[in-house]
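Chain identifiers are assigned alphabetically (A, B, ...) following the order of the sequence lines, protein sequences preceding nucleic acid strands; residue numbering begins at 1 within each chain. Worth knowing before you read on, the calculation uses all heavy atoms, side chains too, and leaves out hydrogens, waters and symmetry mates.
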2 protein chains.
Amino acid sequence: MVSIMFEHNDKTFPCATSLTMSFIGGKWKAVILMYLISKKRRYSELHQGMKSISERTLSLHLKEMERDGLVKRKVYSKKPPLKVEYELTEFGRTLIPVLNAIYDWGTAVGEAENKVKKVSI
Amino acid sequence: MVSIMFEHNDKTFPCATSLTMSFIGGKWKAVILMYLISKKRRYSELHQGMKSISERTLSLHLKEMERDGLVKRKVYSKKPPLKVEYELTEFGRTLIPVLNAIYDWGTAVGEAENKVKKVSI
DNA sequence: CAGTATCCGGCTTGATACTG
DNA sequence: CAGTATCAAGCCGGATACTG
């Protein structure tokens with residue numbers, strides 16, 4: 001019998017589903033990618049948008065997704081204050097249908113089950 | 001200014017995307033759900049299908065998804081050997097488009113980037 | 001058969017302070 | 001501004017043995 005396995009970053013995944021989850025899984029990656037669908041954004045924009053993410057975590061995820069080829073990092077100045085922008089690569093854009101499906105489902109559930117809560121900030 | 005937050009299982013999520021990921025995120029949940037799309041399955045079927053999952057992890061995830069209303073557990077015998085089957089609930093079935101999008105993307109990436117490896121078992 | 005109990009290592013995330 | 005360094009905590013997942 002023959003099973004098909006997937007390899008990515010020296011890890012092995014038993015199916016296409018878990019391979020995808022290695023790209024967008026975890027607590028934050030999909031959220032960061034959602035922010036980048038509509039336009040490129042600066043580090044601080046991302047950080048403010050997702051207030052509850054720590055700088056360390058944001059930085060680590062951006063680097064990992066850059067290494068995975070999903071995100072492109074562009075530096076616009078040589079000396080501080082730096083200006084850096086992140087945007088989706090062409091490969092990263094192939095994830096848009098997946099990300100939209102995830103977002104739409106969450107939205108529908110939020111409305112249907114009264115799990116939405118409005119918080120003023 | 002007003003932000004919309006989502007609550008689920010006593011946790012707060014800052015957007016629809018992270019709400020969805022709380023249902024299908026992690027290493028295994030989406031994979032288990034994929035197995036249940038086509039038909040109901042017994043515990044041992046699931047365990048064999050995903051060889052690398054531990055009994056403990058499979059058990060915990062099934063319970064959590066049962067509590068989340070995605071999966072239904074049916075017992076067919078009172079005394080050992082037990083027969084138990086798991087299937088998607090109607091609510092769980094609303095996730096199928098999301099799960100398929102995830103699966104399809106992983107499949108496409110596996111083919112496009114030569115990340116597919118065939119392992120005989 | 002379908003799990004649970006126990007134990008444990010490691011990965012993930014967070015808080016804070018600091019640097020080019 | 002855009003991160004990195006450091007330290008710490010918690011959760012996730014795995015191995016194994018045991019139970020109704």
Side-chain angles (χ1 to χ4, degrees), chain A residues 8-15 17-18 21-32 35-36 40-68 71-87, chain B residues 8-15 17-18 21-32 35-36 40-68 71-87:
Chain A
H8 173 235
N9 289 337
D10 299 326
K11 292 184 181 174
T12 305
F13 301 93
C15 67
T17 298
S18 53
M21 295 308 283
S22 77
F23 280 89
I24 65 168
K27 191 171 171 183
W28 292 109
K29 279 186 181 176
V31 181
I32 297 171
Y35 270 86
L36 296 176
K40 55 177 111 171
R41 292 182 191 271
R42 301 183 65 169
Y43 180 87
S44 50
E45 249 181 302
L46 292 169
H47 192 217
Q48 288 182 338
M50 308 168 278
K51 270 172 296 295
S52 47
I53 194 172
S54 72
E55 297 185 347
R56 168 191 162 83
T57 300
L58 176 57
S59 174
L60 287 176
H61 283 327
L62 284 169
K63 239 183 217 165
E64 199 173 322
M65 294 194 293
E66 197 187 348
R67 194 198 54 198
D68 286 348
V71 163
K72 191 164 33 186
R73 179 177 182 270
K74 280 189 184 172
V75 186
Y76 290 94
S77 57
K78 292 156 200 159
K79 293 185 181 179
L82 291 183
K83 178 174 179 180
V84 178
E85 284 191 331
Y86 293 91
E87 64 182 311
Chain B
H8 173 236
N9 290 336
D10 297 325
K11 291 183 182 175
T12 304
F13 301 93
C15 67
T17 298
S18 52
M21 296 308 285
S22 77
F23 280 88
I24 64 169
K27 191 171 171 181
W28 291 111
K29 279 185 180 176
V31 181
I32 297 171
Y35 270 87
L36 296 176
K40 54 178 113 172
R41 292 180 191 272
R42 302 182 65 169
Y43 180 87
S44 50
E45 249 182 301
L46 292 169
H47 192 216
Q48 287 182 337
M50 307 169 279
K51 271 172 296 295
S52 46
I53 195 173
S54 73
E55 296 185 347
R56 167 193 162 82
T57 300
L58 177 56
S59 174
L60 287 177
H61 282 328
L62 284 170
K63 239 181 218 167
E64 199 174 322
M65 294 194 293
E66 198 187 347
R67 195 198 52 198
D68 285 349
V71 163
K72 191 164 32 188
R73 179 178 182 270
K74 280 189 183 170
V75 185
Y76 290 94
S77 57
K78 293 156 199 160
K79 292 184 181 179
L82 291 184
K83 178 175 179 182
V84 178
E85 284 190 331
Y86 293 91
E87 63 182 312

Open item on the list: Among residues at least two apart in sequence or on other chains, which ones pass side-chain contact (heavy atoms from CB on, under 4.5 Å) with A:Ser22?
Closed with: A:His8, A:Phe13, A:Leu19

- [ ] Rounded off to whole Å, could you give me the NZ-to-C1' distance for the B:Lys63 and C:dT4 pair?
- [x] 7 Å

Open item on the list: Which residues pass the side-chain contact (heavy atoms from CB on, under 4.5 Å) test with B:Lys74, not counting sequence neighbours?
Closed with: B:Lys40, B:Tyr76, B:Glu87

TODO: For A:Glu45, check side chain to side chain donor-acceptor pair (under 3.5 Å) against everything at least two apart and list the hits.
DONE: A:Arg41

Task: Protein-to-nucleotide contact annotation, 5' to 3' order, nucleotides 6-20 of chain D [B base; S sugar-phosphate only; - none; under 4.0 Å, heavy atom] - done: B------BBB-B--B

Task: For B:Arg73, side-chain contact (heavy atoms from CB on, under 4.5 Å) partners two or more places apart - done: B:Glu66, B:Val75, B:Val84, B:Tyr86

TODO: Measure the shortest side-chain to side-chain distance between B:Leu62 and B:Leu46 over non-hydrogen atoms and say whether it is less than 4.5 angstrom.
DONE: yes

TODO: Determine yes or no for a side-chain-to-main-chain donor-acceptor pair under 3.5 angstrom, with B:Ser77 supplying the side chain and B:Lys83 the backbone.
DONE: yes

TODO: Starting at atom CG of A:Asn9, determine the distance to atom P of C:dC11, rounded to an integer number of angstrom.
DONE: 14 Å

Task: A:Arg73 CZ to D:dC1 P, straight-line distance once rounded to whole Å - done: 16 Å

- [ ] Send over the distance from B:Leu58 CG to C:dC1 P, rounded to a whole Å.
- [x] 15 Å

Task: Nearest heavy-atom neighbours spanning B:Tyr35 and B:Gly49 - done: OH-O, 2.9 Å

Task: Value in whole Å for how far the P atom of C:dT12 lies from CD1 of A:Ile24 - done: 16 Å

Task: Stem segments of DNA chain D by first residue number [Watson-Crick or G-U, under 3.5 Å, at least 3] - done: C:1-20 with D:1-20

Open item on the list: Which residues pass the salt bridge (Lys or Arg N to Asp or Glu O under 4.0 Å) test with B:Glu64, not counting sequence neighbours?
Closed with: B:Lys29

Task: All side-chain contact (heavy atoms from CB on, under 4.5 Å) counterparts of A:Ser44, not counting sequence neighbours - done: A:Arg42

Open item on the list: What contact category does B:Tyr86 fall into here, base, sugar-phosphate, or nothing, at under 4.0 angstrom with non-hydrogen atoms?
Closed with: sugar-phosphate

Task: Nearest-angstrom distance from the residue atom CD of A:Glu85 to C1' of D:dG3 - done: 16 Å

TODO: Grab the CZ-P distance between B:Arg42 and C:dC1 for me, whole Å please.
DONE: 8 Å

Open item on the list: Rounded to whole Å, how long is the line connecting atom CZ of A:Arg41 with atom P of D:dC1?
Closed with: 17 Å

